[in-house]
Amino acid sequence: MKRIVALLTASALLLAACAVGPNYRRPGTEVPASYKNSVAPEAAPAARAAPAAAATPPDDWWTLFDDQDLDRLVGEVEVSNQNLAQAVAAYEQAEAAVRVARAAFFPTVTGDASATRVSGSSRTGAVGSIGSVSVGASGGGGGSRTLYQVTGSASWELDVWGRLRRSLQNAKATAQASAADLAFARLSAQGQLATAYLQLREADAERRLLTATIAGYQRTLEITRNRYRVGTAPKTDVLQAETQFYNAEQQEAALRLQRAELEDAIAALVGKPASDFRIAEKETWNMPVPDVPAGIPSTLLERRPDVVAAERSVAAANATIGVQEAAYFPSITLTGAEGFLSGSLSSLFDKSSESHQGALGLSQTLLDFGATRGRVAEARAAYAQTVASYRQTVLTAFRDVENDLAAAGWDLKEYDFAKQASDAADETERLTLNEYKAGTVDYTTVVVAQAAALSARRTLAQLALARQTTAVSLVTALGGGWKPATAAR
């Protein structure tokens with residue numbers, strides 16, 4: 001068997017040639033030097049042209065929100081999320097396919113052993129074979145004998161035209177794309193969880209605002225009823241106060257429903273039954289908003305998982321072209337067998353019982369009515385499709401980042417204006433209610449002031465949430481933060 005393996009190895013080295021099909025080059029894309037929205041909206045054009053040093057967030061980017069519950073829940077996503085488990089299994093499948101493709105470079109070796117009872121009336125007959133070589137045995141009359149045979153055989157497809165190499169390239173690129181898909185699934189699940197958690201905390205904050213407001217409305221309703229009873233206020237004041245009070249109660253109930261739905265959504269993300277999952281309410285909501293640095297380099301998108309997956313899919317499709325073009329050339333296979341055949345078990349491994357066989361086989365499709373040409377054309381069209389998908393993924397990635405950068409800047413300005421508006425509305429509500437108690441304004445003025453104050457407070461809470469969720473969206477859009485690609489984990 002050693003001689004057969006040596007023969008196959010020598011033949012492979014002699015016949016090895018370059019792989020057919022195009023060698024891979026990453027498709028070109030239009031990449032700007034920097035993001036146009038990477039600084040605050042009020043910055044001058046000159047500031048936009050001079051990128052600052054980007055801050056580096058931690059690998060666990062969600063810790064920027066300084067919330068222990070969020071940290072714990074994100075850790076549970078890694079362990080229990082079933083969508084993530086599917087992506088892990090898909091990656092393991094792709095890795096196994098690489099091992100299968102790599103194994104094709106080596107011979108397939110098989111071994112057989114048999115004992116055959118032979119009988120016949122003639123003196124000579126074909127009684128056994130090794131490979132395709134007949135072995136004659138003679139015997140007298142109708143006697144019988146037992147033949148013992150041990151055979152080892154090897155078959156090796158020589159990768160003369162590079163079909164196996166292209167297949168391995170395809171498998172490796174596919175596995176790399178699957179790894180990127182896994183990273184994208186993980187990042188998406190983390191982003192979804194962080195967003196849902198922030199929305200839940202904002203719903204709690206709004207509900208606390210409404211609870212406090214409802215308590216104030218109830219006191220105002222009691223004052224109005226008392227004034228009505230003594231004849232200093234009309235019935236319409238009471239009705240308006242009741243309408244305002246019950247509307248606020250309805251809004252609080254809606255927020256409770258929203259919180260329950262968000263809690264159930266988080267349960268699904270961490271892979272737990274919604275019926276057994278609870279998130280305790282906190283007294284305050286004061287999580288910080290991560291600062292977005294100016295001058296984020298556009299090269300950060302090289303680490304975004306869906307961009308990486310799309311590019312690796314292009315590489316896999318490129319290799320498939322070579323696999324299909326190899327069908328234009330003959331398939332060359334070396335086979336060999338070495339064995340022992342004897343009528344006596346004691347002499348089975350004697351020198352005289354040895355038998356050797358070697359063969360070089362060529363197989364070529366002579367006529368397939370254009371099937372091979374069609375498969376090559378199909379592979380080239382699939383490659384063109386993946387190139388277009390890759391370029392579109394890059395464009396979409398730039399759009400996502402630009403949108404989030406713009407939102408980060410303008411959300412901050414909106415929040416500042418809303419804070420001033422909310423402070424003014426609170427003061428207007430306080431003064432108007434005092435004037436109503438003094439009898440200098442009607443109740444409609446109070447209702448308008450209170451409604452404006454509540455709306456301003458809720459808007460402020462919603463804008464605080466918008467700033468936080470925009471930060472999450474930007475982190476995910478950049479593939480995990482604004483860390484340079486060379487330092488990415």
Side-chain angles (χ1 to χ4, degrees), residues 57-58 60-81 187-215 248-292 404 407-408 410-412 414-416 418-419 421-423 426 453-477 480-481:
D60 298 339
W61 54 265
W62 52 90
T63 60
L64 293 169
F65 293 100
D66 192 25
D67 188 284
Q68 293 181 353
D69 288 338
L70 178 59
D71 297 345
R72 174 181 55 80
L73 290 169
V74 173
E76 292 180 15
V77 166
E78 184 74 21
V79 174
S80 303
N81 185 276
L187 182 61
S188 296
Q190 292 169 346
Q192 291 171 24
L193 175 70
T195 298
Y197 181 81
L198 292 169
Q199 290 172 337
L200 181 144
R201 291 306 183 198
E202 190 274 338
D204 285 344
E206 275 201 68
R207 193 181 64 77
R208 286 193 295 272
L209 284 175
L210 276 167
T211 300
T213 300
I214 287 170
E249 290 273 23
Q250 176 270 322
Q251 293 170 25
E252 185 188 28
L255 283 171
R256 289 184 182 276
L257 173 60
Q258 180 183 347
R259 187 192 198 278
E261 292 173 343
L262 288 167
E263 191 175 60
D264 293 345
I266 293 172
L269 286 168
V270 298
K272 293 184 178 180
S275 300
D276 300 329
F277 186 77
R278 297 286 186 277
I279 297 178
E281 185 175 347
K282 291 188 174 183
E283 292 294 330
T284 58
W285 180 48
N286 56 2
M287 287 181 285
V289 179
D291 292 328
V292 179
D404 290 333
W410 289 111
D411 283 350
L412 175 58
E414 279 192 78
Y415 182 85
D416 290 341
K419 180 66 170 63
S422 180
D423 291 344
D426 288 345
L454 176 60
S455 176
R457 294 186 201 111
R458 296 188 67 179
T459 297
L460 190 63
Q462 291 163 5
L463 285 173
L465 171 66
R467 293 184 63 204
Q468 291 180 328
T469 56
T470 294
V472 172
S473 181
L474 178 58
V475 166
T476 56

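Values below: every heavy atom of this structure, side chains too, minus hydrogens, waters and symmetry copies.
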How far apart are the closest heavy atoms of [X] and [Y], and which atoms are they?
X: A194; Y: L70; answer: CA-CD1, 3.9 Å
X: K282; Y: D67; answer: NZ-OD2, 2.6 Å
X: R467; Y: Y415; answer: CD-CB, 3.9 Å
X: D411; Y: A466; answer: OD2-O, 3.5 Å
X: D264; Y: A274; answer: OD1-CB, 3.6 Å
X: V77; Y: Q190; answer: CG1-N, 4.5 Å

ask   = Given D71 and D66, is the side chain to side chain contact (heavy atoms under 4.5 Å, CB included) satisfied, shown in steps?
value = CA-CA 8 Å; D71 297 345; D66 192 25; over 6 Å; no
request  = Could you point out which residue of W62, W61, Y197 forms a side chain to side chain contact (heavy atoms under 4.5 Å, CB included) with V472?
outcome  =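 Answer after filtering W62, W61, Y197: W61.
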inquiry  = Assess the residue pair W285 and Q468 against the criterion (side chain to side chain contact (heavy atoms under 4.5 Å, CB included)); give the C-alpha distance rounded to whole Å, side-chain angles, the decisive distance to 0.1 Å, and a yes or no.
reply    = CA-CA 12 Å; W285 180 48; Q468 291 180 328; 3.1 Å; yes
query = Looking at R207, R259, R201, which one forms a side chain to side chain donor-acceptor pair (under 3.5 Å) with E281?
reply =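 Per the side chain to side chain donor-acceptor pair (under 3.5 Å) rule, the option paired with E281 is R207, out of R207, R259, R201.
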inquiry  = Check K419 with D423, please: is the shortest side-chain N to carboxylate O separation under 4.0 Å?
reply    = yes
request  = Could you verify whether a donor N or O on one side chain and an acceptor N or O on the other, from S473 and D404, lie under 3.5 Å apart?
outcome  = yes
request  = Check the side chains of E252 and T211 for a donor-acceptor pair under 3.5 angstrom, ignoring hydrogens and angles.
outcome  =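 There is such a pair between these side chains.
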query = So, does T195 use its side chain to make a donor-acceptor pair with the main chain of Q192 at under 3.5 Å?
reply =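 Judged by distance alone, no pair lies under 3.5 Å.
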